[in-house]
Number of protein chains: 2
Amino acid sequence: MLENLKIGILGGGQLGGMLLRHAIDLGLSVSVLDKDANAPCARYTSSFFCGDPKSFDDVLAFGKELDVITIEMEAVNIDALRELEKQGKKVFPSPATIQVIQDKYTQKQFLLSHNIPVVPGIAIEDKNDLVKHEDKIPGCLKKRRDGYDGYGVMVLKTVADIEKAFNAPSVLEELVDIKHEIAVIVGRNEQGEVKCYDPVMMVFSEEKFVLESQVAPAQLADGMAEEAFAIAEKIADALKLVGILAVEMFVTKDNKILVNELAPRPHNSGHHTIEASTTSQYEQLLRAILGLPLGETALHLPSLMLNILENEALRSDRQEKFNSLLAVPGAHLHWYGKKGSRIGRKVGHVTVTGSTMEDILKKAETIRKILN
Amino acid sequence: MLENLKIGILGGGQLGGMLLRHAIDLGLSVSVLDKDANAPCARYTSSFFCGDPKSFDDVLAFGKELDVITIEMEAVNIDALRELEKQGKKVFPSPATIQVIQDKYTQKQFLLSHNIPVVPGIAIEDKNDLVKHEDKIPGCLKKRRDGYDGYGVMVLKTVADIEKAFNAPSVLEELVDIKHEIAVIVGRNEQGEVKCYDPVMMVFSEEKFVLESQVAPAQLADGMAEEAFAIAEKIADALKLVGILAVEMFVTKDNKILVNELAPRPHNSGHHTIEASTTSQYEQLLRAILGLPLGETALHLPSLMLNILENEALRSDRQEKFNSLLAVPGAHLHWYGKKGSRIGRKVGHVTVTGSTMEDILKKAETIRKILN
């Protein structure tokens, strides 16, 4: 059975690479589609296809010999996935789920229709339309589609910022008075079994909206974790999710939770589950889409995850920096092996585990110094 | 640096597969040589070569574009590895180390020459020679080369058993009065840094000499773990090892340690390090051969590892058995995805982790029932 199934992933970046890491545990055969022949996944499967996950023809051709298809990015061709589903392929998460989520405005409307608290926001057609909504500025402008790692997001502080704004369909959100940003990853399988990971606390770099680090478990006021679980589970059920879903949330200064964004795939905010949980988010995704029981999500170690962004210091002295980093006890390096990375690009991450949070924070400080 | 290195593994079985799993963490490019086009590793690299690790020509051709070469089995062509070393490739463990270990008699002589206690044994040429050594029976007969998982090992209880004996160069060992079988995995890098994992307690199936299960950490009398560490480190230094080495040892009823066998590569007795240690044996091997600092070896969870041998019950009802197994909290399945496995073949393993050894033993009993 497992060894005869043909599984496919749309997207071949580091999230796909980590998914392949866990596919090895189940002896699976996995094909990968990515438009970059040097994508991280290209090295780790005998079945890599160079093609565009956003192209109808490429996705259809990729899927035709597969049994189960999943994603490591939302920007994929929905029509091709629907066609593959019609042909009897299992597509998880479903094309309907991906479609709702891949557009940030549709996503927000879906959540509102299920009475889930979200950051208030309006749809914006283009720059001209933005001018008509000057009264909503200051606000946070997000492209409806294809944003990632801070690309496609900007804060409009004053009306003067409209000049620099995207001329693309966007969502203009209210600026919320945020105490914390947290995320919960929830898994759900075809049988409707649902399991959440503990909330993580996320720290973003201010100017770029890239996740700088995160701590798990998040230290929250009493009852907040339970509220976050309830929201995540409600969304998973509403979406009839099969797979995993990252639910990014704001905790406001008056301890209200608002959903910020969803991602129906492995997510940065779940990297630590490789080292800190019994079941990683990657294994959970595989269990969910293969109809297997979901795995235990409890964290057995506290952890802190640091993203590594390419920088000059790192580029010029990589060997020495890796040597120093790997000598830190409990530092787990995940280096994505991207070729020719531009400055500022996410090129790896480090998960630090230890016995106490204090110990971990100290090690993280050491690692930050090494990496910069 | 790391992403530009070309690494090669001789052998593409499950040990190679788990090594690839950890190579993903460092973004490495790994080529694999195996004579079976359906070997587990064949699916998990874009650079799989079908050829015989024992063939001079195949190994030489495989190695010519590589920077660093390692092994997941001892039965490899030493002459080709020496030639590759001459060409400036890094071959770790060194051809000299592999050569000493791949012949069980040479291995024993090497250990004796370094005053390391071993199971007493003599070299046997062939069946005729065995007849001349009837006085050494009962004893344990092991082929000098190419044994694995109980193949190439038999107990000669009486002289009558000679008839069934191998007609091949072998070692005839004394039968030792064993209390425990334990193993220590030791890592050593080029800089001479050495680190041991805690001893594991191994339980073998009586008739077949296949590892049935193992528990980590082993419960040993005071001072025995330290003695085992000292032996493992002494051997690693004597071999000038670069890589990892499994040292299988007997603890006799009077608490003496005798070295049974060595394996200079990832080993069954280190499977649990994936889930139970900060650094897995696979990552440790990669760190050692890439000149990186060795990782922390401490176990952060107690664990029990069960080998899965193909059997009729498992074959006829695989999906249902996997469903039951994966519903056991803390059960980590490693399924090797071997195609067309014969009955009795090692097809996977399960590592069970938990908070207490009692809890783990109970879960292991459940899993044994599921798998048989």
Side-chain angles (χ1 to χ4, degrees), chain A residues 1-4 14 17-18 20-30 38 40-48 274-275 278-279 283 287 290-296 298 300-301 318-319 322-339 341 347-348 353-355, chain B residues 1-4 14 17-18 20-30 38 40-48 274-275 278-279 283 287 290-296 298 300-301 318-319 322-339 341 347-348 353-355:
Chain A
M1 45 143 296
L2 285 186
E3 62 268 32
N4 298 321
Q14 65 267 18
M18 288 179 261
L20 283 171
R21 182 190 199 269
H22 294 265
I24 295 177
D25 296 353
L26 298 176
L28 301 170
S29 295
V30 184
N38 285 320
C41 282
R43 297 189 288 279
Y44 304 120
T45 174
S46 56
S47 184
F48 180 81
I274 293 179
E275 287 85 11
T278 306
T279 312
E283 180 179 337
R287 285 175 177 245
L290 297 175
L292 297 165
L294 296 182
E296 228 186 335
H300 51 71
L301 284 169
R318 199 151 279 182
Q319 175 82 51
F322 280 180
N323 280 342
S324 305
L325 196 159
L326 288 166
V328 178
H332 305 266
L333 175 63
H334 293 262
W335 183 250
Y336 306 151
K338 292 177 179 173
K339 309 224 169 176
S341 293
V347 287
T353 52
S355 45
Chain B
M1 47 144 290
L2 286 184
E3 62 268 34
N4 298 320
Q14 65 267 18
M18 287 180 262
L20 283 171
R21 181 189 198 271
H22 294 266
I24 294 176
D25 296 352
L26 298 176
L28 301 170
S29 295
V30 184
N38 285 319
C41 282
R43 295 188 288 279
Y44 304 120
T45 174
S46 57
S47 183
F48 180 80
I274 292 178
E275 287 86 11
T278 306
T279 312
E283 179 179 338
R287 286 174 177 246
L290 298 175
L292 297 165
L294 296 182
E296 229 186 334
H300 51 73
L301 286 168
R318 199 151 280 179
Q319 175 82 51
F322 279 180
N323 280 343
S324 306
L325 197 160
L326 287 166
V328 178
H332 305 266
L333 175 63
H334 294 262
W335 184 250
Y336 306 152
K338 292 177 179 173
K339 309 227 168 175
S341 292
V347 287
T353 52
S355 46

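The sequence lines fix the lettering, A, B, ..., with proteins before strands; numbering per chain opens at 1.
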Tell me, for A:Tyr44 versus chain B, whether the close heavy atoms (under 4.5 Å) come from the side chain, the backbone, both or neither.
both
Out of A:Leu294, A:Leu28, A:Val328, A:Leu333, return the one with the most heavy atom pairs under 4.5 angstrom to chain B.
A:Leu28
What part of A:Ala42 gets closer than 4.5 Å to chain B, counting heavy atoms only: side chain, backbone, both or neither?
backbone
So, the part of B:Leu2 with a heavy atom under 4.5 Å from chain A: the answer is side chain
Looking at side-chain heavy atoms only, is the closest gap between B:Leu292 and A:Gln319 below 4.5 Å?
yes
Test log, rule side chain to side chain contact (heavy atoms under 4.5 Å, CB included), inputs B:Asp25 and A:Trp335:
CA-CA 6 Å; B:Asp25 296 352; A:Trp335 183 250; over 6 Å; no
Measure from the side-chain N and O atoms of B:Arg287 to the backbone N and O of A:Leu326, and report whether any donor-acceptor pair falls under 3.5 Å.
yes
Taking atom NZ of A:Lys339 and atom CG of B:Asn4, what is their separation to the nearest 0.5 Å?
5.5 Å
Does a side-chain heavy-atom distance below 4.5 Å link A:His332 with B:Thr278?
yes
Interchain contact, A:Leu301 with chain B, by part (heavy-atom threshold 4.5 Å)
side chain
A:Thr45 versus chain B, the contacting section by heavy-atom distance below 4.5 Å
both
Counting only heavy atoms closer than 4.5 Å, note whether A:Pro40 contacts chain B via side chain, backbone, both or neither.
neither
Quick one: what part of A:Ala331 sits under 4.5 Å from any heavy atom of chain B, side chain, backbone, both or neither?
backbone
Less than 4.5 Å apart, side chain to side chain, heavy atoms only: is that true for B:Arg43 and A:Val30?
no
Most heavy-atom pairs under 4.5 angstrom with chain A, which of B:Ser47, B:Ser355, B:Gly337, B:Ser46?
B:Ser46
If we only count heavy atoms from C-beta on, is the A:Pro293 to B:Asn323 side-chain gap below 4.5 Å?
yes
